[in-house]
There are 4 protein chains.
Amino acid sequence: MNTFGTIYRLTTFGESHGPAIGGVIDGVPAGVAIDLEQLQRALDRRRPGQSLLTTQRCEADCVTLLSGIFEGKTLGTPIGFTIPNSDSHSSDYEHLRDAYRPSHADYTYTAKYGIRDHRGGGRSSARETACRVVGGAIASQILASKGIEIVAYTSQVGDVVLENDHTMLDLSMVDSSAVRCPDAATSETMQRLIESVKAEGDTIGGVVTCIVKGVPVGLGSPVFGKLNARLAAAMMSINAAKGVEFGIGFEGAKLRGSEANDRIVCREGRVRTLTNHSGGIQGGISNGEEIVMRIAFKPVATLMMPTPTINDKGEAVTLEPRGRHDACVVPRAVPVVEAMAAMTILDELLIAQTVHL
Amino acid sequence: MNTFGTIYRLTTFGESHGPAIGGVIDGVPAGVAIDLEQLQRALDRRRPGQSLLTTQRCEADCVTLLSGIFEGKTLGTPIGFTIPNSDSHSSDYEHLRDAYRPSHADYTYTAKYGIRDHRGGGRSSARETACRVVGGAIASQILASKGIEIVAYTSQVGDVVLENDHTMLDLSMVDSSAVRCPDAATSETMQRLIESVKAEGDTIGGVVTCIVKGVPVGLGSPVFGKLNARLAAAMMSINAAKGVEFGIGFEGAKLRGSEANDRIVCREGRVRTLTNHSGGIQGGISNGEEIVMRIAFKPVATLMMPTPTINDKGEAVTLEPRGRHDACVVPRAVPVVEAMAAMTILDELLIAQTVHL
Amino acid sequence: MNTFGTIYRLTTFGESHGPAIGGVIDGVPAGVAIDLEQLQRALDRRRPGQSLLTTQRCEADCVTLLSGIFEGKTLGTPIGFTIPNSDSHSSDYEHLRDAYRPSHADYTYTAKYGIRDHRGGGRSSARETACRVVGGAIASQILASKGIEIVAYTSQVGDVVLENDHTMLDLSMVDSSAVRCPDAATSETMQRLIESVKAEGDTIGGVVTCIVKGVPVGLGSPVFGKLNARLAAAMMSINAAKGVEFGIGFEGAKLRGSEANDRIVCREGRVRTLTNHSGGIQGGISNGEEIVMRIAFKPVATLMMPTPTINDKGEAVTLEPRGRHDACVVPRAVPVVEAMAAMTILDELLIAQTVHL
Amino acid sequence: MNTFGTIYRLTTFGESHGPAIGGVIDGVPAGVAIDLEQLQRALDRRRPGQSLLTTQRCEADCVTLLSGIFEGKTLGTPIGFTIPNSDSHSSDYEHLRDAYRPSHADYTYTAKYGIRDHRGGGRSSARETACRVVGGAIASQILASKGIEIVAYTSQVGDVVLENDHTMLDLSMVDSSAVRCPDAATSETMQRLIESVKAEGDTIGGVVTCIVKGVPVGLGSPVFGKLNARLAAAMMSINAAKGVEFGIGFEGAKLRGSEANDRIVCREGRVRTLTNHSGGIQGGISNGEEIVMRIAFKPVATLMMPTPTINDKGEAVTLEPRGRHDACVVPRAVPVVEAMAAMTILDELLIAQTVHL
């Protein structure tokens, strides 16, 4: 299933070492002006090679839009796009033709399909997320016109945890940090941790926090289409994500109702809550407060050290380190989290327009 | 969106105080024998009034199947079913006609639809999950014939945490415990905590752990249909769920790749992993190990104490305690978690049959 | 696949001789008043036993709504409903347990599912269409509030063809005719033909014409979701339908472009066409003119005469006439055609609300 | 909605005068060898400029596959593809920027979206069907490996009707005919008719007959997913299609049941019917006989003569003939009909694999 969304729908394709990756965005609202430079900048935030902390591959991640935009505005017809795979050192991957990297998709893809493009992870490569950023960047531009803004940031790397929550942070500082942590001191500590892990040929996990501001009340559907259910699926579809929580999340398991409930008040004619333990969603529907979620990422599976495993004949083999890989995926996951959130929120905005005739 | 699933699809309906709740299960594999008594027992596990710890409402939760089964076997046609709402003290809820309970769906439903059935929470009531148990119980019977078994249990209530993981527990003891915790001592502590919380008119959160055994390798689809994405959506669609994690989950954010990776070996001709930090899913596809997930539930929002809030005119009001409510939803959430897991796994098994022609 | 629609979605269940048939309508716009007597009258138009021309079974077709409506108005939550199967002479069908009726679904169901409820056709019975009428009647009430009206009528029975097109007919006369043909003389001729066919134990086919008035311009989606594609699927899903055409339809194959094109003019500030050969749809999207379609129905397959066929062992058997069956399904198909059109148009109205944000 | 299919799903994009058209095929069975030359030949059958009867535009219709195929075989991952728009005389269309061509999508698109790419019809251009041919050609190759073959042909142009049905024709002769009519004499007459119509600057409609051979019994789902309903939607989604019928189709309206029923017999251990009035589908499910359908196409709307119409200000204007257009679309519709049939049948084959676990 390579399609995400109900009305605003992104379908992606592409192996990391084929001619190109790309996709089709259907259900785009008509008549909206799209800033193509802003779109490319969104992609640039995700691509490798942005700093010493991320991989040094020179993929331009240069997107070409093929349809759906006419004289600068969306036509309401599908936007097709491609991103060429320009820097494919496929021979780097020949040793993986038969071997299964631990905690990768090599074995599961082979078992499922009976065939696998072993070069760079093929379809399971995180390169695929570039297409999500295209879909998300266009969604974000449309959301911005409605006053909805999405900001994500790195809130944990290994055991380095950003203590302040987002209400105490200056979120405009996210991109000033090499690790996308808006607190300068914590960013520095995270950066040093990633460098030391990288020096050992190892990798490290982390957490991304995502805030959606300006969401109207009423997004999400009861029962199976709860807004948190849809956002959870969106986030857990990102490579290496192992957990997601909303508002108080797992901490809420420890609380009493008298602590956890968000008291409702009326402020300036608007219904508001005094706290936001619900993370902006109650009964599966947005209540107009900020949506707050946290997504846990496991450490990158590919290590720069010899790794024992087996091949497809069941024989023990040792993988020697080769290629270039991130020591921590979290900084580059930040724009992907934002993209998935943007597509989900726009989709729900459009669905919400069908509640009344 | 009141439908769950792609091939095996459950559509539910019903407000908690209308004539009945019910649903339709489509895409049921044909020719499978269904044990109706076993189905009713599954519902009995979810219904209120099972012990002093849960609510004392006498809802029979008695399901009637209306179609799709002929001479004891599934026809492959949809199974329609109803569960009458037999014990509806609707007058208990008249005070909620205009008021918004904190951290409930009262305000969000009203804002979204402009109309709300205030009696017992209407569509947002956890009573709706009885229909999920019907869909899940039929799925479980079908899965059992393929050697797939799903067991969930209470692993945390408030700050009482079950320390042993599932590999060290006797999961056949789950239903011997009033709180559905398979460790007798921990169960006792959890039970006392719930009783003391209840005595104060308060409520408490908790965590359910769910294990899926016997899953074949190859379930789940790359990219947006990852098995963990689908399971996350399933779990987060349950009332009061605030977080979900797989395998190492949020703990994985702290780990290094060299610690987190699951080493692959060949045992008795099968590809296995020495550890299961991945929780049975790699690259979004099951790898044949046990699927392990944890779902966090916030405390029940309805307290047995006076609660300040506002009404739909924005006026401050105080809700007096009325009706009967669980002090902790977690024990009754256990069969709902199992049901959602069963439907997801069966659906993915059927989808997996379309990978090859 | 027992679900119809994208936003306004009807899911049905039920075998003709089980306890009940029924369904769930999801995506109903919120806050709309529903007239339950009008709903029941719509069902009464479809049920058997209305005149000597149709079958004499005393099925009350009495619908019970179980959810989704509160104090007379739609909640925006799903409407669940059941229609009990009250007059089930199941023993009438025992001779069909093993035999395949010609041009029925007996053989194809058995081959597909490996199991079949042989009583009254089970799921393949036209009784299932009662559920469509429920979904359609609610849709029609909602459409009426937007000035959209749907009228179908019998335009052909056997070789008796209603010569005048709908613009020359008084469509308020449809229900005055036992065969639902609004022209009194033609109705009389059709009625006599059906009676004579019935006297011979035979059956006869016919055509239903359906007109949708008051459709706004802009319904339907380009490419695969063309309005005519969706309506064609809706109509061809009705039992015994063998063909569908829009506007000039098959006659258009004979025409030249200079004859077939609908000249566009501006009348009273509105864009109109001088002719309506397109049947109200151009490029798959409604143009604001009346939608005109014709649906061909084959003769009922069950004859009141001995019929040679085979059983599931491949042995030749002869079916003796038994039970009560329509000699011509077309008059009772009229409300089903209207129902399918109403659900499609309402669904497309809701989808059209997502074109702009 | 630019996606077709449930499991085997084609999503297309592209305006006729943008940089490219293209699409994504998801749900492709894994491990199937694909012959790329055969794929290109399928596209060549649809492209313009094949004979004097069709348009003289030099579009190469050269498809590039970007993903989903590795070392000659399908990976089970999506196949992305593009077809550049190489010969775009956009200035030919400047006069259509504001004017609405009669019986075209110009007005309906403008009214729906509030914006339109007027060049060459934009998204409503028949050029879009090239993408369907890609999806269909890959489906056909997969179907061929299961012994399923699809052949369509021109059976009517204007009032020239091919009298013999397909059982009396040599279907291998279809591509020997400039109009794709397998009967040489009728082909000649059709060809002359098209030439004379073209000489007058006019256009003409026609009918395509499509035969699917080798279909197993059991494809299609009861109720809304009937095989004929799905095929009807597929066919009616093709540009200019105005009607579709199966087996006896509209002729069946005239018949008695005793004439129309297909007698069932057992031949060589297989259940067969002596006649095939049902067109291979009974109760919405294939019965193993050949599927037979006919699709009516209206004449091309663009005439090579001055055409009065209005512009988007409501003013009367006259369109002068410009550009190159088919006088009869039917010969080029033949491969598109085959493509839509192939995708539908393959999709249903895959769905049928989910009926049993």
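Just so it is clear: chains get the letters A, B, ... in the order the sequence lines come, proteins before strands, and each one is counted from 1.
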Next on the checklist: I'd like to know if the side chain of A:Lys242 and the backbone of B:Gly249 have a donor-acceptor N/O pair within less than 3.5 Å.
Outcome noted: no

Item to check | Max heavy-atom pair count under 4.5 Å with chain B, selected residue of A:Ala111, A:Ala301, A:Ala260 | outcome: A:Ala301

Next on the checklist: Report which part of A:Val244 has an atom under 4.5 Å of a heavy atom belonging to chain B: side chain, backbone, both, or neither.
Outcome noted: both

Checklist entry - Does any N or O in the side chain of A:Ser124 come within less than 3.5 Å of the main-chain N or O of B:Gly283, such that one atom is a donor and the other an acceptor? => result no

Item to check | A:Cys266 side chain near B:Ile310 side chain, heavy-atom distance below 4.5 Å | outcome: yes

Item to check | chain B interface, residue from A:Gly225, A:Ala233, A:Ser286 that has the most non-hydrogen pairs under 4.5 Å | outcome: A:Ala233

Next on the checklist: Please classify the contact of A:Val271 with chain B as side chain, backbone, both or neither, using a heavy-atom distance under 4.5 Å.
Outcome noted: both

Checklist entry - Where does B:His104 contact chain A at under 4.5 Å (heavy atoms): side chain, backbone, both or neither? => result backbone

Checklist entry - So which of A:Arg123, A:Arg101, A:Glu315 has the biggest tally of heavy-atom pairs under 4.5 Å with chain B? => result A:Arg123

Checklist entry - Side chain, backbone, both or neither: which part of A:Thr273 has a heavy atom under 4.5 Å from chain B? => result neither

Next on the checklist: Could you report the tightest heavy-atom contact between A:Gln156 and B:Ala253, atom names first, then the distance?
Outcome noted: NE2-CB, 3.8 Å

Checklist outcome for this item: In this structure, CG of A:Asn2 is separated from OG of B:Ser221 (nearest 0.5 Å) by 8.0 Å

Item to check | CA sep, side-chain torsions, deciding dist, call: A:Thr3, B:Phe224, side-chain contact (heavy atoms from CB on, under 4.5 Å) | outcome: CA-CA 7 Å; A:Thr3 296; B:Phe224 303 114; 5.5 Å; no

Checklist entry - Non-hydrogen atoms of chain B under 4.5 Å away: do they reach the side chain of A:Ala316, the backbone, both or neither? => result neither

Item to check | Heavy-atom pair with the smallest gap, counting every atom of B:Ser103 and A:Asn261 | outcome: OG-CA, 3.3 Å

Checklist entry - So what's closer than 4.5 Å to chain B heavy atoms on A:Lys226: side chain, backbone, both or neither? => result side chain

Checklist entry - So what's closer than 4.5 Å to chain B heavy atoms on A:Leu303: side chain, backbone, both or neither? => result side chain

Next on the checklist: Looking at chain A, which one of B:Thr309, B:Ile204, B:Ile264 has the largest number of heavy-atom pairs inside 4.5 Å, strictly under?
Outcome noted: B:Ile264

Item to check | Any side-chain heavy-atom pair of B:Met1 and A:Val223 under 4.5 Å | outcome: no

Item to check | Side chain / backbone / both / neither for A:Met340 at chain B, heavy atoms under 4.5 Å | outcome: side chain

Next on the checklist: With a 4.5 Å cut-off on side-chain heavy atoms, are B:Leu255 and A:Lys298 touching?
Outcome noted: no

Checklist entry - Checking A:Phe297 against chain B: side chain, backbone, both or neither under 4.5 Å from a heavy atom? => result backbone

Checklist entry - Looking at B:Asp159, B:Val207, B:Thr110, B:Val217, which one has more heavy-atom pairs under 4.5 Å with chain A than the rest? => result B:Val217

Item to check | Taking every non-hydrogen atom, the tightest pair across A:Pro299 and B:Gly252 | outcome: CD-O, 3.3 Å

Checklist entry - Between B:Pro216, B:Ala296, B:Gly279, which has the largest tally of heavy atom pairs under 4.5 Å with chain A? => result B:Ala296

Checklist entry - Relative to chain A, which segment of B:Ala240 carries a heavy atom at a distance below 4.5 Å: side chain, backbone, both, or neither? => result neither

Next on the checklist: Check this for me: does any side-chain nitrogen of one of B:Arg256 and A:Glu200 sit under 4.0 Å from a carboxylate oxygen of the other?
Outcome noted: yes

Next on the checklist: So which residue, A:Gly218, A:Ala229, A:Gly220, A:Ala105, ends up with the most heavy-atom pairs under 4.5 Å with chain B?
Outcome noted: A:Ala229

Checklist entry - With a 4.5 angstrom heavy-atom cut-off, which part of A:Thr129 approaches chain B: side chain, backbone, both or neither? => result neither

Checklist entry - At a heavy-atom separation under 4.5 Å, does A:Arg294 approach chain B through its side chain, its backbone, both, or neither? => result both

Checklist outcome for this item: So CE of A:Met235 and CG of B:Asn228: to nearest 0.5 Å the spacing works out to 14.0 Å

Item to check | Heavy-atom side-chain proximity of A:Ile285 to B:Tyr107 below 4.5 angstrom | outcome: no

Next on the checklist: Give me the atom names and distance for the closest heavy-atom approach of B:Tyr109 to A:Pro222.
Outcome noted: OH-CB, 2.8 Å

Checklist entry - Where do B:Ala232 and A:Met236 come nearest, in terms of heavy atoms and distance? => result CB-CG, 3.6 Å

Item to check | Gap separating the NE2 atom of A:His356 from the OH atom of B:Tyr113, nearest 0.5 angstrom | outcome: 9.0 Å

Next on the checklist: Counting heavy-atom pairs closer than 4.5 Å to chain B, which one of A:Phe246, A:Phe4, A:Phe250 comes out on top?
Outcome noted: A:Phe250

Checklist entry - So which part of B:Asp202 gets closer than 4.5 Å to some heavy atom of chain A, the side chain, the backbone, both or neither? => result side chain

Checklist entry - Any idea which of A:Gly269, A:Gly243, A:Gly247 has the most non-hydrogen atom pairs under 4.5 angstrom with chain B? => result A:Gly243

Next on the checklist: For A:Val355 versus B:Lys112, what's the shortest heavy-atom pair and its separation?
Outcome noted: CG1-O, 3.7 Å

Next on the checklist: Return the CG to CG distance between A:Asn287 and B:Asp106, rounded to the nearest 0.5 Å.
Outcome noted: 12.5 Å

Checklist entry - Measuring heavy-atom distances to chain B, does A:Leu10 have an atom under 4.5 Å in its side chain, in its backbone, in both, or in neither? => result both

